[in-house]
Amino acid sequence: MKPIWIVDDDPSIRFVLERALAREQLEVRAFTNPREVLAALDVEQPQVLVSDIRMPGGSGVDLLAAVKARCPALPVIIMTAYSDLDSAVTAFQGGAFEYLPKPFDVTRAVELIRRAAAESLREAVQAERAAEMPEMLGQAGAMQDVFRAIGRLSQSHVTVLITGESGSGKELVARALHRHSPRGDLGSKGPFVAINTAAIPRDLLESELFGHERGAFTGAQTLRRGRFEQADGGTLFLDEIGDMPLELQTRLLRVLSDGQFYRVGGHQPLKANVRVIAATHQNLEQRVREGGFREDLFHRLNVIRLRLPPLRERREDIPMLVRFFLGKSARELGVEAKRLSEAALAQLAAFDFPGNVRQLENVCHWLTVMAPAQVVEPKDLPPELLAGVATSAAPLPRASAAVAGAGAGEAPAAEPAHETGEAAAGPAAAAAPAAPAAPAAPAPHGVGWLGELEREARARLQAGTPEVWDALTREFEAALIRAALDLTRGRRIEAAQKLGIGRNTITRKIQELGLDDGEGR
């Protein structure tokens, strides 16, 4: 491992940190001013840089900017005796790994430096692996099956049906199928045209797909080429095909059958030299049984089917996707990419992500903007994600007596009672005389304090109470701070450490929440 660099004009600080790090078998190099550090950077690079913020001959903030310009991935820890909000904000805005106020506990400082060094080593390995990002990411077995299928279809023009939940990346797969086909980048370089059939009003969808002649209907002032013509020689991606109206399904079937179509208001048949890839999040077999989708069209589309797994079935891909999306967000915003601690990554991987990869991408963008430090800890994750993980990790409520009395060989119900809104009924319930039942409020998803919180929120929402989010958030924060202050007998610094927040944060929160009784220290 490379040495740890310390820059501080105070010799006592340098001495204490050098001795403490030497005991931890960490190589150290000390500097007295920023100029020495910048000169040394021309020769070598440290594993971690620990810098004071105010020194004769240069500012630690200026040094931070200069170091980040040369070594963007180098973790920089800023120390200062001026423990004010402006200094902390300036340090974090400059890309500091962490902010260490003086006087500090030496053991905590060493632990922080070790964490920064470990993060630096891990990021170096990950940077090598991610030097060239592929167009699609996934190491899970189900995703490898998708990749293999794309490879097998690379020389084919066959119709493909992609199924998967919303946000799982169906259009990415469609684009990959096109790119690696004879119609894509490896062949004739034909166009890839996508249309979401669920997003276009049914009255306009026919014209959107097949085009229209001038004067075909009111407002048709000029001839318009539809998506089939625009995709000539390439691929047409029909997203959410399960929502296509039945009358248009008939026209689509005709195109797939004989390769010809008519513009709206036209009389001359046009040839469609198009490969069709369709996608849906719905169960098309079920739609066929219900009469909402033509069976003959289903069989025309269902030549090759690719199923995309939801993110909860490929949790091992989450760390790779997180790094990719954090890097992408950082590039878009022109900032340094955030990193997730192991604990935060584990908590993120425990979430079910009903919105799949799209939701994970949104979370990474949120963290790039809102996370207070370069390394994201569990407490920095979005509130709804923390609540979702807590709810899913909570023990299930005790089963009803009727369910508990079921035979040992019986399978559990496919749908839990709290999802359907119906109570489970056993033989005892069946024997009881029928009586009108009052509508019951849905059971809270959480138990213990989470259940109480959900019940309180539900009651306020039903009562029309304004600003429920802000009010409950303030009460929640006040309860946490009061508990920590009671436990530490009013010592604010100790309370902040137990809560995992900064001293400035707890002081500001005490003032905002009206908890300042003059006893805090």
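Fair warning: this is a prediction, and the values are worked out from it, not measured in the lab. Reckoned from all heavy atoms, side chains included, excluding hydrogens, waters and symmetry mates. Residue numbers start at 1 and run along the sequence shown.
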S.K.: Between Arg458 and Glu454, does at least one N-O distance fall below 4.0 Å, as a salt bridge requires?
M.R.: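 Salt bridge present between Arg458 and Glu454.
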S.K.: Should we count CZ of Arg254 as having more than 12 external heavy atoms under 6.0 Å?
M.R.: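 Counting neighbours around CZ of Arg254, 12 or fewer heavy atoms of other residues, nucleotides or ligands fall under 6.0 Å, so no.
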S.K.: So with a 6.0 Å cut-off around CD of Glu467, is the heavy-atom count from everything else above 12?
M.R.: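 Open: at most 12 neighbouring heavy atoms sit under 6.0 Å from CD of Glu467.
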S.K.: Can you check whether Arg339 reaches Val376 side chain to side chain, under 4.5 Å on heavy atoms?
M.R.: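 A side-chain contact is absent here, since even the closest heavy-atom pair is not under 4.5 Å.
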S.K.: With Glu208, which residues qualify under side chain to side chain contact (heavy atoms under 4.5 Å, CB included), at least two apart?
M.R.: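 So Glu208 forms a side chain to side chain contact (heavy atoms under 4.5 Å, CB included) with Ile195, Ile200, Arg224, Arg227.
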S.K.: Can you name the side chain to side chain contact (heavy atoms under 4.5 Å, CB included) partners of Arg225, sequence neighbours left out?
M.R.: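 Partners of Arg225 by the side chain to side chain contact (heavy atoms under 4.5 Å, CB included) criterion, ordered by chain and then number, come out as Leu223, Glu229, Gln230.
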S.K.: Hey, mind stepping through Thr159 and Asn302 against side chain to side chain contact (heavy atoms under 4.5 Å, CB included) and telling me if it holds?
M.R.: CA-CA 8 Å; Thr159 301; Asn302 194 35; over 6 Å; no
S.K.: Just grab all the salt bridge (Lys or Arg N to Asp or Glu O under 4.0 Å) pairs involving residues 64-78, residues at least two apart or on different chains.
M.R.: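 Counting only pairs at least two positions apart or across chains, the salt bridge (Lys or Arg N to Asp or Glu O under 4.0 Å) contacts touching residues 64-78 are Asp42-Arg70, Lys68-Glu336.
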S.K.: In terms of side-chain heavy atoms, does Gln286 have a donor or acceptor partner in Gln282 at a distance below 3.5 Å?
M.R.: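 No donor-acceptor contact under 3.5 Å links the two side chains.
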S.K.: Can you run down the salt bridge (Lys or Arg N to Asp or Glu O under 4.0 Å) pairs that involve residues 361-371, sequence neighbours left out, and say none if there aren't any?
M.R.: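 Sorted pair list: Lys328-Glu361.
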S.K.: Any salt bridge between Glu313 and Arg307, counting N to O under 4.0 Å?
M.R.: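 Salt bridge flag = yes for Arg307 with Glu313.
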S.K.: For His281, which residues count as a ring pair (Phe, Tyr, Trp, His ring centres under 6.0 Å) partner, sequence neighbours excluded?
M.R.: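 Applying ring pair (Phe, Tyr, Trp, His ring centres under 6.0 Å) to His281 gives none.
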S.K.: Below 3.5 Å, can you tabulate the donor-acceptor pairs from side chains in residues 362-373 to any protein atom, sequence neighbours excluded?
M.R.:
{"unit_1": "Asn362", "atom_1": "ND2", "unit_2": "Arg358", "atom_2": "O", "d": "3.4"}
{"unit_1": "His365", "atom_1": "ND1", "unit_2": "Ser329", "atom_2": "OG", "d": "3.2"}
{"unit_1": "Thr368", "atom_1": "OG1", "unit_2": "Cys364", "atom_2": "O", "d": "2.9"}

S.K.: Of the non-hydrogen atoms in Arg315 and Ala349, which two are nearest, and what is the gap between them?
M.R.: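 It is NH1-O, 2.7 Å.
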S.K.: Spell out, as yes or no, whether a donor-acceptor pair under 3.5 Å connects the side chain of Glu171 to the backbone of Asp239.
M.R.: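 Not at all, since once roles are kept as given, no pair shorter than 3.5 Å links the two residues.
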S.K.: List in chain and number order the residues that pass side chain to side chain contact (heavy atoms under 4.5 Å, CB included) with Pro378, two or more places apart in sequence or in another chain; answer none if no residue qualifies.
M.R.: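 Pro378: side chain to side chain contact (heavy atoms under 4.5 Å, CB included) contacts with Ser341, Ala343, Ala344, Gln347.
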S.K.: Just by distance, do the side chain of Thr473 and the backbone of Trp469 share a donor-acceptor pair under 3.5 Å?
M.R.: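 Confirmed, Thr473 side chain pairs with Trp469 backbone.
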S.K.: Do Asn196 and Glu240 meet the criterion of a side-chain donor-acceptor pair at a distance under 3.5 Å?
M.R.: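 Side chains of Asn196 and Glu240: no pair found under 3.5 Å.
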S.K.: Can you list, pair by pair, the side-chain donor-acceptor contacts under 3.5 Å of residues 266-273, counting residues two or more places apart and other chains?
M.R.:
{"unit_1": "Asn273", "atom_1": "OD1", "unit_2": "Arg183", "atom_2": "NH1", "d": "3.4"}
{"unit_1": "Asn273", "atom_1": "OD1", "unit_2": "Arg183", "atom_2": "NH2", "d": "3.1"}

S.K.: Filter on ring pair (Phe, Tyr, Trp, His ring centres under 6.0 Å), then keep only pairs touching residues 224-252, sequence neighbours left out; what's left?
M.R.: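 The answer is Phe210-Phe228, Phe228-Phe261.
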S.K.: Find the distance between CG (Leu238) and CG (Asp243) and round it off to the nearest 0.5 Å.
M.R.: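 That separation rounds to 12.5 Å.
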S.K.: Holding to side chain to side chain contact (heavy atoms under 4.5 Å, CB included), I want the full list of residues that pass it with Gln249, two or more places apart in sequence or in another chain.
M.R.: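 If we apply the side chain to side chain contact (heavy atoms under 4.5 Å, CB included) test to Gln249, skipping adjacent residues, the hits are Met244, Leu246, Phe293, Arg294, Leu297.
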S.K.: To the nearest 0.5 Å, tell me how far His157 NE2 sits from Thr235 OG1.
M.R.: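 So the NE2 of His157 and the OG1 of Thr235 are separated by 9.5 Å.
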S.K.: Residues in ring pair (Phe, Tyr, Trp, His ring centres under 6.0 Å) with Phe217, at least two apart?
M.R.: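 For Phe217, the residues satisfying ring pair (Phe, Tyr, Trp, His ring centres under 6.0 Å) (neighbours in sequence not counted) are His212.
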S.K.: What residues, two or more places apart in sequence or in another chain, satisfy ring pair (Phe, Tyr, Trp, His ring centres under 6.0 Å) together with Phe192?
M.R.: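 Here the qualifying residues are His178.
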